Amino acid sequence: MKDYKLIFAVLTVAIVWGTTFLAIRVAVETIPAWFVAGIRQFLAALIMLLVLLSRKEFKWVGWKNLGYQVVFASLMLVVANGMTTVAEETVSSSLASLISACSPILVFLGSVAVGLQKFSFRAMAGVLLCFSGILFIFWDGIQDLANPQYRTGMIFLFCAIAGWASGTIFTKKFNIQSGNITLNLFYQFLFAGVVQVIFAFLFSENYNFGNWSLKSISAMLYLAVFGSVAAFFAFHYALTKISPVQVSILAYINTVIAIFLGWLIMDEKISAKFILAAVMIICGVFIINYKPGMFSKQKVE
């Protein structure tokens, strides 16, 4: 029997996170990046708290579990999400999505290193094929990577994908996504929100609240409700069912969606190169993911 909840979770992660690159870019137009990231997580924590209180499920999780949530939040929210947001102050959303597409390679290698994933040349070939497709899409603009104005942004982006890969592996290794996902996410969002708002006041040169546009505020609200609450809940659920590599491979779908939105909203052209690259990405995803019963339920120990 097909796991429709898993399919819905996977689609949610793929589609929603594909839109967040553009939403972040819009938000940081008038709002300092650390404020975007911090307020986004605070609002997400508030939503989770309201859900928990309505269900009468709010409780203390214990110091050990709190430690797990803090580590996850540090890697996935403060480092990965926060640094991606800061990077998009100087780097385009398309370029940010390209660099983020490197994360499945790090997840695959890291999963092999800690024993979560068996090494196979087929899986590695699939990852490389996907990444080659992403590079093919951006090949004409690859020289922008050496542009001095992108250097700081690029450093933040590479730190971000390292944090994302580490957080994905850590989550699966220690099963911190098991139990009450809503409760776990509340503590994660709250911790990240506190840290990032502190960063905002420390590192933002100009945070004149009167300059924040309605468009940027709307994008930030979208990031909180959909990019954080909906997508992270779906992400946690997916990690209880499939491997970290299978979940992280959604980064490629996110990139395709980000490019499509660039065409739809920013009037960017979709060429024959784009179509060919999309075929390469789809083939790579199929090579990595295909195996009998790959979407069957797994027991969470």
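If you're wondering where the values come from, they're calculated on a predicted model, not measured in any experiment.
Although no hydrogens or angles enter the test, the distance criterion places no donor-acceptor pair under 3.5 Å between the side chain of Ser166 and the main chain of Gly163. A donor-acceptor pair under 3.5 Å is absent between the side-chain atoms of Arg25 and the main chain of Thr20, judged by distance alone. Within the 3.5 Å criterion, the main-chain N or O of Val28 finds no donor-acceptor partner in the side chain of Ser216.
Among pairs with a residue in residues 230-240, none fulfils salt bridge (Lys or Arg N to Asp or Glu O under 4.0 Å), at least two apart in sequence or across chains. For the salt bridge (Lys or Arg N to Asp or Glu O under 4.0 Å) condition, no pair includes a residue of residues 84-104, sequence neighbours left out. Residue pairs satisfying the side chain to side chain donor-acceptor pair (under 3.5 Å) criterion with at least one member in residues 225-234, sequence neighbours excluded, are listed as follows: Arg40-Ser228, Gln41-Ser228. Pairs engaging residues 214-235 under the salt bridge (Lys or Arg N to Asp or Glu O under 4.0 Å) rule: Glu29-Lys215 [sequence neighbours left out].
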As a quick check of understanding, evaluate side chain to side chain donor-acceptor pair (under 3.5 Å) for Gln188 and Asn184, giving each step before the final call. CA-CA 6 Å; Gln188 292 167 19; Asn184 290 344; 5.7 Å; no

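Not counting sequence neighbours, the partners of Phe203 by the ring-ring contact (aromatic ring centres under 6.0 Å, His included) test are Phe199. Listed by chain and number, the residues in a side chain to side chain donor-acceptor pair (under 3.5 Å) with Ser120 amount to none (sequence neighbours excluded). For Leu183, the side chain to side chain contact (heavy atoms under 4.5 Å, CB included) partners two or more places apart in sequence, or in a different chain, are Leu52, Phe58, Lys59, Val61, Asn180, Tyr187. Checked against side chain to side chain donor-acceptor pair (under 3.5 Å), Thr85 has no partners two or more places apart in sequence or in another chain. Partners of Leu129 under the side chain to side chain contact (heavy atoms under 4.5 Å, CB included) rule, at least two apart in sequence or in another chain, are Met280, Cys283, Ile287. Shown here are the side chain to side chain contact (heavy atoms under 4.5 Å, CB included) partners of Ala231, two or more places apart in sequence or in another chain: Val16, Trp17. Residues satisfying the side chain to side chain donor-acceptor pair (under 3.5 Å) criterion with Thr12, sequence neighbours excluded, are absent altogether. With sequence neighbours excluded, the residues that form a side chain to side chain contact (heavy atoms under 4.5 Å, CB included) with Phe209 are Phe35, Tyr207, Trp212.
Here the side chains of Phe42 and Val194 are in contact, with some heavy-atom distance below 4.5 Å. The shortest side-chain heavy-atom distance between Thr19 and Tyr222 falls under the 4.5 Å cut-off. Side-chain atoms of Val197 and Trp34, non-hydrogen and from C-beta on, never get closer than 4.5 Å to each other. Contact annotation: the side chain of Val78 never approaches that of Met83 to less than 4.5 Å [non-hydrogen atoms, C-beta and beyond].
Not less than 6.0 angstrom separates the ring centroid of Phe170 from the ring centroid of Trp164.
Trp60 CH2: more than 12 foreign heavy atoms inside a 6.0 Å radius.
Val91 and Gly153 get closest at one heavy-atom pair: CG2-CA, 3.8 Å.
If you chain together hydrophobic residues whose side chains sit under 4.5 Å apart, Leu75 and Ile155 never meet in one group. Residues Leu128 and Ile161 share a hydrophobic cluster, clusters being chains of Ile/Leu/Val/Met/Phe/Trp/Tyr side chains in contact below 4.5 Å.
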